[in-house]
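Scroll down for the structure; my scribbles are underneath it.
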Amino acid sequence: MSLREPETYDVVGVGFGPANLSLAISLEEHHANVLTAPITSTFFERQPCFGWHRNMLLPSATMQISFLKDLVTFRNPVSRFSFVAFLHEQDRLAQFVNRKEFFPTRREFHQYLEWAEARMSNVVSYGSTVTAIRRPPEPARSPADDHLQLEISDAVGGGTRVVNARNIVISTGLRPRMPEGVERDERVWHSSEFLEKYGRVKPEELRSVAVVGAGQSAAEITNFFYEQLPHAQVHAILPAYGYSVADDTPFANQIFDAAAVDDYYFGDDRERDAFWRYHRNTNYGVVDDADIRHLYQVSYDEEVAGVKRFHYLNLTKVRTVERNGRGRTVHLRSPHGRGPQKLEVDAIVFATGYDTMDPAELLGDLDRHCLRDESGKHRVTRDYRLVTTPDLNCGIYLQGGTEHTHGLSSSLLSNIAVRSGEIADSIVRRRAEQDLVPAGAVRSGVTG
Ligand code: FDA
Ligand code: NAP
């Protein structure tokens, strides 16, 4: 641990994915436009360099949202960080427009994110994992003086250091979900680690593979296996009867509009429930229409050719996975034993989705100061701040993990430009308010 006095920042961001990258840009653009003292900020990212779901950058995968829902445009359409500015700088704007398509490939969008990140690299430290957030031992002299301490573990050098933050923005992303009782290993993968694990195996060793799940990740990986491993048997194991289409039709798509956040946040239980009941199929457990049609065509072409290597096991779940030499025996469960009860595979991918971010994991003891609702979930203000006990003046903001308060777009890219702007505005406004409170003054009430 360093003996130097820790540095203090107005904002410390935990994680540097698209959401906190968008926030970093928003804070910078705030400085340029507003005559306040600059907000000091720094971000910590555990990956060795910028990366956005790199293990799912499959060759032909496209974005699930319009290129206009980039890091900035919905907040500041004239920002120099827009996707259009990126295309212009790459000298590719005309060619992009000639495609007449709203959806770039994920590879191109990744290039865009890297391009934007390169302009903000002064505010981020890579290979730096935030391991704990806590209150300092000494009580604050005034609300403006209040701060939290973050402990950071550095991959290079292996050291640990501490920084102080007046505000923290936690944006640590989705957490891979595996079925209970199934452990990952060198032949049992979650989709979030797909390309890395795939790259460690010789393709010719993969003669029988399986993909579990009926969402976008499952469909993309199934197709990838089918195309990349022409010698292999490919098993798609679906809990559903068939892949269902992702509803991206215009009326339904309005749930991802910035305005829908207010409708959700200020709605009553029935209104919120309607979002989930009617529109879960805009995002979860669903697949792009074109991808479904492609997989069906693959299956049909096999019927015509009389050759079968794509095996579609619907209404089927995995019970257990057993090691069998280099391969794995997968025990299956299906109604009335309608399909095979077990499979021998060389690798199996669980594209079984993700859990949302839970800030409690990082907050540790500090979580006692964060208030919860009747169902035990964190209370969050409209400006994405955890509601805390009155003695805690620091802002703990969330980018992600707010589906219960702010709705479906919480873990997606759809609203990050506007959300980051709202968080930046809130930090600036609260600092201005705190600067007016004299030292020694005690705040009353819940900080919501
Ligand atoms: P993200 O997960 O991108 O970033 C979080 C970062 O925090 C990571 O880089 C992680 O390493 C870091 N981190 C975690 N813990 C840390 C710690 N303790 N210390 C330091 N760093 C830490 N949505 C959408 O709207 N359109 C789309 O097209 C897609 N496409 C898509 C593809 C795939 C394969 C997946 C899995 C998901 C999507 N999504 C999506 C949803 C996805 O959540 C979204 O695209 C963004 O990744 C959200 O950005 P965040 O910055 O919130 O999280
Ligand atoms: P997902 O949409 O949550 O789908 C998970 C699938 O796994 C569902 O079909 C689910 O079935 C199934 N499942 C869960 N637990 C299971 C179990 N124990 N046994 C069998 N099946 C199980 O996850 P995802 O496909 O990874 O998508 C996550 C997010 O990433 C989405 O926002 C998606 O749009 C995005 N994504 C985008 C792209 C892209 O941009 N090209 C690519 C991939 C993913 P139930 O529904 O019955 O639980």
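Computed from a predicted structure; not experimentally measured. In this chain, numbering begins with 1 at the start of the sequence shown. Note that ligands are numbered from 1 as they come in the structure, with each ligand's atoms numbered from 1 the same way.
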So between S191, G353, P179, A214, whose heavy atom ends up nearest atom 9 (O) of ligand 2? A214
Select the closest option to atom 43 (C) of ligand 2 among S217, A240, S192, A61, judged by heavy-atom distance. S217
Any idea which protein heavy atom is nearest [atom], and the distance to it?
{"atom": "atom 47 (O) of ligand 2", "value": "P239 CG, 4.3 Å"}
{"atom": "atom 40 (O) of ligand 2", "value": "Q64 CG, 3.0 Å"}
{"atom": "atom 5 (C) of ligand 2", "value": "A351 O, 3.5 Å"}

[X]: heavy atom below 4.0 Å from ligand 1, yes or no?
{"X": "P18", "result": "yes"}
{"X": "F50", "result": "no"}
{"X": "S192", "result": "no"}
{"X": "S217", "result": "no"}
{"X": "R106", "result": "yes"}

Note: [X]-[Y] ion pair, threshold 4.0 Å (strictly below):
{"X": "E322", "Y": "K342", "answer": "no"}
{"X": "R184", "Y": "E193", "answer": "yes"}
{"X": "R272", "Y": "E403", "answer": "no"}

Protein non-hydrogen atom found under 4.0 Å from atom 49 (O) of ligand 1: yes
Which of the atoms of ligand 1 are close to Y354, meaning less than 4.0 Å from one of its heavy atoms? 36 (C)
Could you list the atoms of ligand 1 found under 4.0 angstrom from a heavy atom of Q64? 26 (N), 27 (C), 28 (O)
Working for side-chain hydrogen bond (donor to acceptor under 3.5 Å, both in side chains), residues N393 and R166: CA-CA 8 Å; N393 293 290; R166 296 192 184 93; over 6 Å; no
Look only at interatomic distance and state if [X] has a nitrogen or oxygen under 3.5 Å from any nitrogen or oxygen of ligand 1.
{"X": "R419", "value": "no"}
{"X": "H53", "value": "yes"}
{"X": "V14", "value": "no"}

N/O donor-acceptor pair under 3.5 Å between Y312 side chain and L238 backbone: no
Using 30° and 60° as the class limits, which term best fits the ring planes of F50 and F16: parallel, tilted or perpendicular? perpendicular
Would T62 count as a polar contact of ligand 2, with the cut-off being nitrogen or oxygen pairs under 3.5 Å? yes
With respect to G213, determine whether any N or O atom, backbone or side chain, lies less than 3.5 Å from an N or O atom of ligand 2. no
Looking at Y226, I'd like to know if the NZ or CZ of R309 sits under 6.0 Å from its six-membered ring centre while staying within 45 degrees of the ring's axis. yes
So I423 and R385, do their side chains get closer than 4.5 Å, heavy atoms only? no
